[in-house]
Amino acid sequence: MGKLSLNCCNSFLENSKPYFAMISLQFGYAGMNIISKVSLSRGMSHYVLVVYRHAFATASIAPFVLFFERRGQPRITLKVFIQIFVLALLGPVIDQNFYYAGLKYTSPTFSCAMSNMLPAMTFVMAVIFRMEKLEMKKLRCQAKVLGTLVSVAGAMLMTLYKGPLLQMAWSNNSHITNSNESSNNKDWFKGSIFLIIATLAWASLFVLQNEALKTYKNHQLTLTTLVCFLGTLQAIAVTLVAEHKASVWTIGWDMNLLAAAYAGIVTSSISYYVQGLVMKKRGPVFTTAFSPLIMILVAIMGSLILAEKIFLGGIIGSILIVFGLYSVLWGKHKENLEMIKTAAVDDEIPKAIKASSQPNININNNNIANNVEANEIVTMAPNKLSSNNNSIFISMPALENPIKPNQTPRE
């Protein structure tokens, strides 16, 4: 009895690990938004913050590459280098600079809400590049299209309509003020546009990363390090053009250093590793489903620490975006299950062929000819089917998870 109880407890803890890991990551992301907002409000240049953030990220990930992925490094051809260069341009440079600029002009809660548009925008980008097919007769495709439209509607509502101010129970007693937070509608609109551009760049990064991972399928930490390193160099070049004062590079033992180190180490290195482990076990849909939790945590922390103002338009828009997010994720989940079922049916075909190709007792020329043809089919068919399965699992790496949850599929 005691052994059974211990096994049940161990099984519960093992199954709970992905949930604890993802919830912990959301707290980490929420803290990054609050700390970064404080640093930007105190005058730190977002260009410099991006440089230091990815410098810390490169320095923290590189030792793990040398320890775990030193052998069998893929050859960096011109095509691979261009992919990594564009990834660095989309992620560390365009995405992060526009995100921090949008965060500076709006609020942490608003920025997190806009980030929940990522699955919808990724779906749009995948359709544009013909990585997704629109099959409007199927419910799963209708759900993804509806979710995309609702997410865009929520973002437009948050951008164009603020509405009345909502008073929180604890905000009335808060004496902390943010002197740099702008209530100007023009700045708010500009910040919203910056956040939309950042999310578009992030979605484009995911689409291109799917190709780069085919080369670095066994060296994902290496790919992350190279992207962060090239992103740091590109961000330095952008900062030298945008900032002409040498004083902007000055950083001491203050909030600016904490913001750069926290963002680089926690959200650009540790989170990549933990999220990758969870994605291998539970798939990308499970990983993405926790995104709205960041917005809730940031809203509470922002109103408590920064005395952040929360408006009705932001609440309604956030609800629409979250609804659209889960609609897209539901459609994607159903698509994954459908492809798994198709792959399982295809795997049964060789067995059926093999069962029908058993030799008969009566030996004659016709039977011998039929048996030879059947045996040739049995020999060739599994190879063709396994080739098709490989192509499926490369483009949709999470499909193996529901079938073999204890194994580690390729990302």
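Fair warning: this is a prediction, and the values are worked out from it, not measured in the lab. No hydrogens, no waters, no symmetry mates; every other heavy atom, side chains included, goes into these values.
- Sparse packing is recorded around CZ of Phe229, with 12 or fewer heavy atoms of other residues, nucleotides or ligands lying under 6.0 Å away.
- By the 4.5 Å heavy-atom criterion applied to side chains, Met158 and Ile321 are counted as neighbours.
- Between Glu335 and Lys144 there is a side-chain heavy-atom pair separated by less than 4.5 Å.
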Salt bridge (Lys or Arg N to Asp or Glu O under 4.0 Å) between Glu338 and Lys341, worked out: CA-CA 5 Å; Glu338 184 177 316; Lys341 187 182 295 184; over 6 Å; no
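- Note on residues 190-201: no pairs pass side-chain hydrogen bond (donor to acceptor under 3.5 Å, both in side chains), not counting sequence neighbours.
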Hey, can you pull the donor-acceptor pairs under 3.5 Å for the side chains in residues 255-262, sequence neighbours left out?
{"residue": "Asn256", "atom": "OD1", "partner": "Ser39", "partner atom": "OG", "Å": "2.8"}
{"residue": "Tyr262", "atom": "OH", "partner": "Gly28", "partner atom": "O", "Å": "2.9"}

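- Using cut-offs of 30° and 60° for the angle between ring planes, the Phe85 and Phe81 rings count as tilted.
- Residues Phe98 and Ile193 fail the side-chain proximity criterion, which asks for heavy atoms closer than 4.5 Å.
- Interatomic distance, CD1 of Ile310 versus NZ of Lys162, reported as 12.5 Å (0.5 Å rounding).
- The shortest non-hydrogen separation linking Val124 to Thr148 is CG2-CG2, 3.5 Å.
- The nearest pair of heavy atoms linking Arg70 to Gln73 is O-CG, 3.6 Å.
- To the nearest 0.5 Å, the span separating CD1 on Ile300 from CD1 on Ile305 amounts to 11.0 Å.
- Here the two rings, on Trp202 and Tyr99, have centers that are 6.0 Å apart or farther.
- Inter-residue side-chain proximity for Asp95 and Leu90 is flagged as unmet; no heavy-atom pair is nearer than 4.5 Å.
- At least one side-chain heavy atom of Leu103 sits less than 4.5 Å from a side-chain heavy atom of Pro108.
- Here the CG-NZ distance, from Leu223 to Lys217, works out to 12.5 Å after rounding to the nearest 0.5 Å.
- Of all heavy-atom pairs between Leu306 and Lys37, the closest is CD1-CG, 3.7 Å.
- At a threshold of 4.5 Å between non-hydrogen side-chain atoms, the residues Pro92 and Thr232 do not count as touching.
- Between Asn116 and Tyr326, the side chains place no donor N or O within less than 3.5 Å of an acceptor N or O (distance only, hydrogens not considered).
- Counting heavy atoms from C-beta on, the side chains of Val207 and Phe129 come closer than 4.5 Å.
- The two atoms that bring Val93 and Gly231 nearest to each other are CG2-O, 4.0 Å, heavy atoms only.
- Taking OG1 from Thr109 and CD1 from Ile294, the interatomic distance works out to 12.0 Å, rounded to the nearest 0.5 Å.
- Under the 4.5 Å side-chain criterion, counting only non-hydrogen atoms from C-beta, Leu297 is in contact with Gln26.
- In this model, a donor atom of one side chain and an acceptor atom of the other lie less than 3.5 Å apart for Arg53 and Thr267.
- The aromatic rings of Phe194 and Tyr105 lie tilted to each other, with the angle between the two planes from 30° to 60°.
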